[in-house]
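Worksheet: one structure, shown below.
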Amino acid sequence: MNQLTQYYADTLRAAARGGGKVVPRGGGSKDFYGRATVGEILSLADYRGIINYDPTELVLTARAGTPLAEIEALLAEQNQCLAFEPPHFGSGATLGGAVAAGLSGPRRMQTGPLRDFVLGTKIMDGRGDILKFGGEVMKNVAGFDVSRLLAGSLGSFSLILEVSVKVLPRPPYEATLRMAVPEAEALARLNSWGGQPLPLAASAWYDGQLTLRLAGAHAAVDAACSKLGGSRLEADAASAFWNSVREQQDAFFGGGEALWRLAVPTTAAPLSVPGRQFIEWGGGLRWWKSDAPASVIRSAAQAVGGNATLFRGGDRRDERFTPLPLAQLRLHQGLKKAFDPNNVFDASRLYAELA
Amino acid sequence: MNDATSVDSAPGIKEPDFSGIDRAALFAELARVLPADCLLIEHEDIKPYECDGLSAYRELPLAVALPREEAQVAAVLKICRKLGVPVVARGAGTGLSAGALPHKFGVILSLARFNRILKVDPAARLAVVQPGVRNLAISEAAAPFGLYYAPDPSSQIACTIGGNVAENSGGVHCLKYGLTVHNLIALRILTIDGELLELGSRAPDTPGFELLALFTGSEGLLGVVTEVTVKLTPKPQLAQCVLAAFDDVVKAGDAVAKIIAAGIIPAGLEMMDQPATAAVEQFVRAGYPLDAKAILLVEADGTPEEVAEEIAAVRKVLDGAGATEIRVSRDENERLKFWAGRKAAFPAAGRISPDYYCMDGTIPRRRLGEMLEAITQMEHKYGLRCINVFHAGDGNLHPLILFDANKPGELERTEEFGAEILELSVRLGGTITGEHGVGFEKINSMCVQFASPELTMFHRVKQAFDPAGLLNPGKAVPTLHRCAEFGRMHVHHGQLPHPDLPRF
């Protein structure tokens with residue numbers, strides 16, 4: 001592994017001398033995400049392996065290139081899981097890539113997003129120096145929380161070498177309910193249920209059908225099922241459905257239009273955007289398949305206090321994420337410079353103005 | 001105090017010298033933007049601000065600003081930026097790490113008057129509050145809607161949410177409900193330039209870097225919070241507590257691991273050692289078994305069905321782990337009685353000893369036995385007693401070192417005892433602070449936790465927010481110069497002829 005880190009450092013320093021750019025890459029399963037990259041791919045696929053896993057400490061530490069599938073299989077042996085259900089989007093998905101992309105799956109509203117689970121990291125900054133932040137304990141307020149800053153940073157200012165994540169027991173019991181409800185009514189119900197002590201662990205609304213996942217103590221799930229109504233899906237069908245949502249294999253995600261990801265307050269009224277819509281996260285995540293201009297979709301999201309990301313399709317040279325206000329952008333540039341003074345990491349994948 | 005001129009010059013090598021500040025100009029400018037009742041400069045007025053909850057460290061500031069409006073906060077910051085004056089933001093001053101200790105040449109910026117709850121939105125399950133609102137006041141305002149704010153630091157009746165953000169405060173329910181960082185939705189902050197920024201948003205994802213997480217726990221070094229949007233959680237219908245006694249602390253520690261291994265995440269999971277149990281029992285008579293070497297408190301919450309299922313599972317694990325006695329709270333009164341002892345640990349320490357010093361290291365749970373054994377040895381080494389309470393679920397240990405500040409040398413020995421516990425926490429794979437923050441208190445221990453490259457990076461991150469280094473200087477992140485001094489002292493430690501000499 002030391003040879004690999006030496007190679008990474010050499011590559012970064014060479015890029016600094018030659019004015020080139022470096023694009024860190026795990027399994028490449030999320031190559032589609034963000035703007036088109038510029039620069040030399042630096043693969044972390046070989047920088048892999050689980051370094052430490054103690055189920056009773058609820059922590060796992062692995063090198064960035066470790067496949068998510070390998071980690072999840074190991075956790076499953078101990079009846080544990082990555083509770084934020086990171087989407088893989090391909091067989092090669094890695095832990096480092098998941099953190100760099102910062103994406104969470106269907107259970108996000110119940111358990112919190114990926115960044116909540118990042119406890120520690122080992123990184124290489126743009127100077128080629130190896131730095132360690134955070135650690136393997138749940139509660140740690142020594143120093144700034146650089147580890148969580150890396151979540152969703154898309155390799156724009158550092159190379160993630162190792163990550164320690166908090167893991168959780170798998171819920172002892174699950175059930176999935178489906179009911180026919182129009183959009184506005186579904187949103188109202190989801191927000192109302194969200195304020196009650198119910199074991200809601202995922203929601204999906206599409207085409208007048210609301211699907212709910214409940215997870216927790218057996219008795220609590222059964223009690224919630226009788227309270228919420230609808231028809232119960234068979235376990236296999238339920239598991240296949242939630243996997244198709246997490247991995248975007250559901251029929252909704254097919255078709256030629258661009259896929260937009262709108263993160264909005266859960267209480268936002270139904271959005272009026274041309275196209276088809278799929279709602280997750282209790283109303284907080286609204287996917288649109290639409291060929292409407294970016295300005296139309298962005299303003300629909302911003303009007304309700306949210307933001308819109310062009311997730312798949314469209315022109316990779318355009319802005320994909322909602323542009324930052326000027327003061328925010330300056331701060332991003334300042335932080336980028338702190339970690340990467342020679343600007344060797346390609347930040348244009350996140351924002352053209354950050355490059 | 002010049003801003004960094006070259007792209008990659010390393011900041012944070014030496015502490016800047018602020019002694020040349022023009023006080024007259026500072027007072028005149030502050031008086032221009034603040035009404036008379038919002039600015040304190042007389043000795044008797046600023047005296048109450050000389051320390052926070054850790055009163056061992058005291059310093060008088062040049063002035064205390066108590067603004068009422070956000071625009072006044074921005075104006076104070078702009079003045080300090082212009083004149084190069086340090087700014088120390090302060091909430092209720094309940095912190096335990098001297099994070100709000102005044103700077104000798106600086107201004108205390110008190111947010112105490114920002115005490116309004118601006119909105120409780122039950123449908124969206126959030127509250128928008130000003131930074132000076134007390135932690136518990138948020139839960140009280142949310143209670144009519146069946147909601148509450150989950151993080152519950154022990155000072156929750158007094159501490160402010162702004163202070164909680166600065167420290168990333170925890171509490172006894174963190175394992176299940178998270179720390180402050182997990183329960184924040186958005187922050188409105190002012191930079192040292194007086195510029196407003198929104199971090200996070202009501203949408204579940206915000207574009208760009210995770211600045212909300214970076215800012216949380218930054219101890220007033222990056223900006224000043226002027227508004228906080230917090231997540232509200234549905235109040236569990238029921239909570240029930242199990243009290244288990246053990247004849248050995250290691251067995252109690254193993255029982256904690258077995259609970260987690262059984263797939264249970266209790267709402268609370270606390271441990272107390274025998275001296276701690278004895279101390280609180282004299283004080284509150286919680287009915288704790290005094291012959292036990294350690295007791296565990298395990299709380300389950302949720303629907304009645306969930307609680308029944310979890311309590312049964314916990315009981316089974318505790319039985320198998322060799323508990324000598326297991327009691328399950330039969331009603332709310334009994335549950336509160338079980339907790340009364342744990343919650344009285346600090347005041348009980350204050351009752352059995354003139355002074356006590358609370359440490360805050362976190363360690364991997366499996367190392368608990370080693371840690372407690374080492375603490376016992378340190379008690380002999382330093383000639384001081386220590387009682388131990390432990391957020392066992394998340395490995396956060398609060399040893400309370402008992403001492404008498406009136407006895408010459410005891411405070412210094414206590415500090416050395418504490419520093420040795422923190423060094424061991426780091427060696428065991430943990431951290432010097434789980435929830436109280438570094439502040440001024442643990443600034444030297446940061447040199448043990450982090451090497452120079454990491455410390456330099458922290459200074460660089462600070463520089464991106466605060467190029468002139470005016471926000472809470474001398475706290476949280478030590479300069480490399482300071483660490484070098486500290487390291488040199490450590491090498492010679494033990495050979496010093498006068499162990500009670502002041503350190504700096």
Side-chain angles (χ1 to χ4, degrees), chain A residues 54-58 79 108-109 112-113 115-116 129 131-133 135-146 148-149 151-153 168-169 172 191 194-197 216-220 223 263-267 281 284-285 305-307 321-322 324 327-328 331-332 334-335 337-338 341, chain B residues 7-8 122-125 147 167-168 170 174 179 182 195 197 201-205 207-210 213-214 216-218 234 236-237 257 260-261 263 265 302-303 305-306 309-310 362 364-366 394-396 429-435 437-438 446 449-450 453-454 457-458 460-461 463-464:
Chain A
D54 184 341
T56 73
E57 300 283 343
L58 299 174
N79 212 21
R108 183 253 181 259
M109 297 310 264
R115 71 132 209 259
D116 283 4
D129 291 339
L131 307 167
K132 282 187 81 164
F133 298 101
E136 295 191 311
V137 289
M138 303 287 153
K139 273 164 113 178
N140 183 356
V141 292
F144 298 135
D145 201 341
V146 172
R148 290 194 170 102
L149 181 67
S153 63
L168 282 177
N191 279 293
Q196 298 168 35
H218 197 139
V264 298
T266 57
T267 47
W281 296 4
L285 184 55
N307 62 82
F321 300 97
T322 296
L324 300 171
Q328 286 259 5
L331 194 49
H332 278 68
L335 286 168
K337 195 179 263 184
Chain B
V7 168
D8 202 22
R125 289 144 274 146
L147 301 168
E167 303 299 324
N168 191 15
C174 301
L179 305 156
H182 303 114
E195 192 164 47
L197 285 176
S201 76
R202 286 186 48 192
D205 282 315
F209 297 158
E210 282 288 355
L214 178 70
T216 309
S218 61
Q237 285 167 272
I260 304 287
I265 302 291
T303 63
E305 301 90 350
E306 277 174 304
E309 205 170 301
E310 194 170 303
T362 300
R365 254 183 272 99
R366 63 175 179 276
D394 38 36
N396 188 196
T431 171
I432 59 167
T433 175
E435 57 184 0
V438 174
M446 281 291 280
Q449 176 103 43
F450 293 101
E454 283 83 6
M457 188 58 84
F458 289 146
R460 288 191 166 107
V461 167
Q463 200 178 36

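Chain letters run A, B, ... following the sequence lines, proteins first and then strands; every chain starts at 1. As the structure is a prediction and not an experimental result, all values here were calculated from the model.
With respect to the salt-bridge test (charged N to carboxylate O, under 4.0 angstrom), the residues Lys139(A) and Glu435(B) qualify.
The residue among Ile265(B), Ile432(B), Thr303(B) with the most heavy atom pairs within less than 4.5 Å of chain A is Ile265(B). When each of Gly217(B), Gly263(B), Gly208(B), Gly395(B) is checked for heavy-atom pairs under 4.5 Å with chain A, Gly208(B) comes out on top. Ranked by heavy-atom pairs shorter than 4.5 Å toward chain B, the options Leu149(A), Leu168(A), Thr266(A), Thr322(A) are led by Leu149(A). Ranked by heavy-atom pairs under 4.5 Å with chain B, the list Gly112(A), Ala219(A), Ser153(A) is led by Ala219(A). The choice from Val438(B), Leu147(B), Leu179(B), Val461(B) that makes the most heavy-atom pairs within less than 4.5 Å of chain A is Val461(B). Interface check for chain B: of the options Gly135(A), Gly306(A), Gly195(A), the most heavy-atom pairs under 4.5 Å are formed by Gly195(A). Note on Leu285(A), Asp145(A), Asn191(A): by heavy-atom pairs under 4.5 Å with chain B, the leading option is Asn191(A). Ranked by non-hydrogen atom pairs under 4.5 Å with chain A, the options Glu305(B), Glu306(B), Arg365(B) are led by Arg365(B). Contact count against chain B (heavy-atom pairs under 4.5 Å) is highest for Gly143(A) among Gly334(A), Ala151(A), Gly152(A), Gly143(A). Of the residues considered (Asn79(A), Leu58(A), Asp129(A)), Leu58(A) shows the highest number of contacts with chain B, using heavy-atom pairs under 4.5 Å.
Within the 4.5 angstrom heavy-atom criterion, atoms from both the backbone and the side chain of Asp116(A) approach chain B. For Glu454(B), the parts lying under 4.5 angstrom from a heavy atom of chain A are both the backbone and the side chain. Only the backbone of Pro55(A) comes within contact range of chain B, judged by heavy atoms closer than 4.5 Å. Both the backbone and the side chain of Ser218(B) come within contact range of chain A, with heavy atoms under 4.5 Å apart. If you measure heavy-atom distances from Leu324(A) to chain B, the contacts under 4.5 Å come from the side chain alone. Using a 4.5 Å cut-off between heavy atoms, Asn140(A) touches chain B through backbone and side chain atoms alike. In this structure, chain B has heavy atoms under 4.5 Å from both the backbone and the side chain of Gln328(A). Within the 4.5 angstrom heavy-atom criterion, no atom of Glu310(B) approaches chain A.
Listed for the Arg366(B) side chain is no donor-acceptor partner under 3.5 Å among the backbone atoms of Asp54(A). When atom types are taken as modelled, the side chain of Glu136(A) and the backbone of Pro364(B) share no donor-acceptor pair closer than 3.5 angstrom. Remark: the backbone N or O of Ala142(A) is not paired with any side-chain donor or acceptor of Gln449(B) at under 3.5 angstrom.
Taking the six-membered ring where the residue is Trp, Phe133(A) and Phe450(B) present tilted rings, their angle falling between 30° and 60°.
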Walk me through whether Leu335(A) and Leu214(B) qualify under side-chain contact (heavy atoms from CB on, under 4.5 Å). CA-CA 11 Å; Leu335(A) 286 168; Leu214(B) 178 70; 4.2 Å; yes

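Across all non-hydrogen atoms, the minimal contact from Arg148(A) to Ala213(B) is CB-CB, 3.7 Å.
In this structure the side chain of Arg202(B) reaches within 4.5 angstrom of the side chain of Thr267(A), judged on heavy atoms.
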